[in-house]
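First comes the structure, then the notes that go with it.
Labels below follow one simple rule: chain letters A, B, ... track the order of the sequence lines, proteins then strands, and each chain is numbered from 1.
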Amino acid sequence: MARLQPVRGTHDILGDKSIRFRTIFEIFRSVATRYGHQEIDTPIFEFTETFKRTLGETSDVVNKEMYTFEDRGGEHVTLRPEYTAGIARAFMSNGLQQSTPCKFYSFGPIFRYERPQKGRMRQFHQMDVEIIGVPEAQADIEVLAIASDLLNELGIGQHITLELNSLGDPESRNDYRDALVKYFNGHKGALSEDSLVRLEKNPMRILDSKDEGDRLLIADAPRIGEYYNQETKDFFATVTDGLEGLGIDYQINDRLVRGLDYYCHTAFEFTTDQLGAQGTVLAGGRYDGLMEMMGGPKTAGVGWAAGMERLAELISEDILHKPNRPVVVTPVGAISQTLCLKVAHDLRTSGIVVDMGYKGNVGKRMKRANKQKAIFAILIGEDELLRGVAMVKNLDQGSQEEVSISNLANYILDNEK
RNA sequence: GCGGGUGUAGCUCAGUUGGUUAGAGCGCCAGAUUGUGAUUCUGGAAGUCGCCGGUUCAAUCCCGGUCACUCGCCCCA
């Protein structure tokens, strides 16, 4: 038994969970498709270099969270810890610079070597949306609209807040970073241990700190808004105006920063208070510097990723895309076995969900039909066989009536809800 | 990677101040009911008490380690 368990932080997806995943993905696909996005599936692993270069050597994702290994050919590869780098790589590999704008969506497993918690695992699943090759703020608005539509159609929009910030263009961002470093350097003695490390590696991260002492300092720290140049202000105003025009609520959070190095301008997180410490359900932003950093031509991009497992915990039972309740075909005695197989097959061909047990007497089979929440049981014995009819029992009402076998499919299609 | 909690049947959980055969509910299987389900009744199967080691005449219980889960930190979807 000891080893008959999944690797730490991985889970089997079956039953109710599987239905939840499918429901979310189908709604996601429907929304993304309506915005003209095309599906893209990139490999679940890439050369390690692809992620190292884009995520930044100092990020936690690169330093302690990647599933990296050497394959038999001596290549250094890594299970993807996020989507954007792989999609950007695919964009360049396939020469899509010729075909911008590119609007993509994707769904699949993501891997991070982390300590598991609720809503956080080592293999989890993300849905991803990217618009590549559009420097205009309209793309930011559109991508946020997709997110908003998705959460609303999942029925959880009211539990989720959109937190929005602008990291500014590179000039604004650098000015602000310098000001921040200067400020915190003057208060080193009061900073937490974690934040002292952040000060060296990723100073803007300090703004995120949950440490109480840090929070006092942060309250008086320079605000990013004070360092926006005109271009940044205009860009951000276009985004917020667009959201207001679409009736999408947001909250400016100027402490919201991104862990990844390639973001600029718009950064956002959709958060909830219903998932403990893992409140972020969907997050993303603009990454105009990414492609260049990867060695390609300068290409704008904006997108987001949403965590499937976290969304699956939030959606309510009644939006689930469950399969139709089955109809159960029940031979009464061995004599009608062959006919029942044929009847079941014909009903399936007509699009009806049909189950037929493999053994057992009528009582057993009815019990099983009930357990499967079947809507009808179709009983065919010697008597019915000879007369070309079937006994159709409505398992909700307990009533039954004879229906001619040639008319069975129509009868069921007319009477199932 | 750091700190706290937990681990007894498929599931939810009792229990043993260390002592012979470890319990319940739900679920599962069978029968009452071999041409009719849901209720009911009767019976049954199912546990290396997470794993390894230590203390002890004796450990599911105490101690150590380990694995997994869980809550928080770091970080993130």
Side-chain angles (χ1 to χ4, degrees), chain A residues 1-11 15 24 55 58-65 80-84 107-128 147 160 192-195 197-198 201-202 205 208-211 214 257-260 269-272 275-284 304-314 328 330-336 357 360-385 390-400:
Chain A
M1 173 115 167
R3 291 282 89 177
L4 285 186
Q5 55 187 20
V7 172
R8 183 176 204 192
T10 67
H11 293 93
I24 294 167
L55 297 177
T58 63
S59 73
D60 269 27
V61 171
V62 167
N63 285 317
K64 60 175 202 189
E65 295 177 2
R80 62 181 178 204
E82 59 116 25
Y83 256 111
T84 309
F107 167 73
I110 299 287
F111 305 85
R112 287 184 199 167
Y113 191 87
E114 298 190 273
R115 177 105 170 232
Q117 265 177 250
K118 182 188 181 74
R120 181 158 92 192
M121 34 229 72
R122 291 184 173 179
Q123 175 176 338
F124 61 104
H125 298 78
Q126 286 188 346
M127 294 171 289
D128 185 87
I160 291 174
S192 69
E193 234 175 278
D194 283 332
S195 285
V197 178
R198 293 186 184 109
K201 284 169 36 177
N202 194 344
R205 271 265 153 237
D208 250 3
S209 176
K210 290 173 187 170
D211 181 87
D214 286 353
V257 293
R258 310 269 61 214
L260 310 181
E269 292 185 6
F270 288 79
T271 59
T272 178
L275 289 178
Q278 278 66 240
T280 303
V281 119
L282 183 155
W304 52 253
M308 190 60 125
E309 281 79 0
R310 293 183 185 176
L311 290 172
E313 297 226 17
L314 295 175
V328 169
T330 305
V332 180
I335 191 167
S336 58
N361 59 32
V362 179
K364 285 265 159 48
R365 288 167 183 269
M366 291 297 284
K367 263 185 192 159
R368 178 157 173 75
N370 189 59
K371 218 166 285 177
Q372 291 171 283
K373 299 192 164 54
I375 182 162
F376 292 115
I378 295 174
L379 294 103
I380 301 175
E382 187 173 6
D383 178 42
E384 288 84 1
L385 178 70
M391 191 62 81
V392 179
K393 178 159 189 171
N394 182 318
L395 292 173
D396 290 337
Q397 293 163 12
S399 58
Q400 58 183 29

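Rounded to a whole angstrom, the distance from the P atom of B:U8 to that of B:C69 is 14 Å. Atom P of B:U6 sits at a distance of 25 Å from the matching atom of B:G23, rounded to the whole Å. With C1' as the reference atom, B:C49 and B:A68 are 16 Å apart, rounded to whole Å. Remark: the separation of the C1' atoms in B:U16 and B:A58 is 14 Å, to the nearest Å.
A:Gly333 comes within 4.0 angstrom of no nucleic acid atom, judged by non-hydrogen atoms across all strands. No contact: A:Met308 has no heavy atom under 4.0 Å from any strand. Contact annotation for A:Gln372: no contact, since no heavy-atom pair falls under 4.0 Å across all strands. Using a 4.0 Å heavy-atom distance criterion, A:Gly360 is classed as making no nucleic acid contact. When heavy atoms are screened at a 4.0 angstrom cut-off, A:Ala369 is found touching no nucleic acid atom at all. Contact annotation for A:Glu269: no contact, since no heavy-atom pair falls under 4.0 Å across all strands. Within 4.0 Å of A:Val281, counting heavy atoms only, lie sugar-phosphate atoms of the nucleic acid but no base atom. The residue A:Leu395 sits close to a base: some heavy atom pair falls under 4.0 Å. Within 4.0 Å of A:Arg365, counting heavy atoms only, lies no atom of the nucleic acid at all.
Every salt bridge (charged side-chain N to carboxylate O under 4.0 Å, His left out) that A:Lys118 has, sequence neighbours left out, goes to A:Glu313. Taking the side chain to side chain donor-acceptor pair (under 3.5 Å) definition, one finds that A:Ser192 meets it with A:Ser195, A:Asp214, sequence neighbours left out.
At a cut-off of 3.5 angstrom, counting only N and O atoms as typed in the model, there is a donor on one side and an acceptor on the other between the side-chain of A:Lys393 and the base of B:U36. Checked by distance alone, A:Gln5 brings no side-chain donor or acceptor within 3.5 Å of a matching partner on the base of B:G50. Judged by atom type and distance alone, A:Arg310 reaches the base of B:C76 through a side-chain donor-acceptor pair under 3.5 Å.
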Under 3.5 Å, N/O pairs linking protein and nucleotides 1-7 of chain B:
from: B:C2; atom 1: N4; to: A:Arg115; atom 2: NH1; distance (Å): 2.7
from: B:G3; atom 1: O6; to: A:Arg115; atom 2: NH2; distance (Å): 3.0

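Figure legend: cation-pi geometry between A:Arg80 and A:Phe111 absent, as NZ or CZ is not positioned both under 6.0 Å from the six-membered ring centre and within 45° of its axis.
Residue A:Lys371 places at least one side-chain N or O under 4.0 Å from the OP1 or OP2 atom of B:C29. Remark: A:Arg205 is not in phosphate contact with B:C75, judged by side-chain N or O atoms under 4.0 Å from OP1 or OP2.
For the residue pair A:Phe376 and A:Asn394, the shortest heavy atom distance occurs at CD2-CA, 3.8 Å.
Between the side chains of A:Gln123 and A:Thr10, not a single donor N or O lies within less than 3.5 Å of an accepting N or O.
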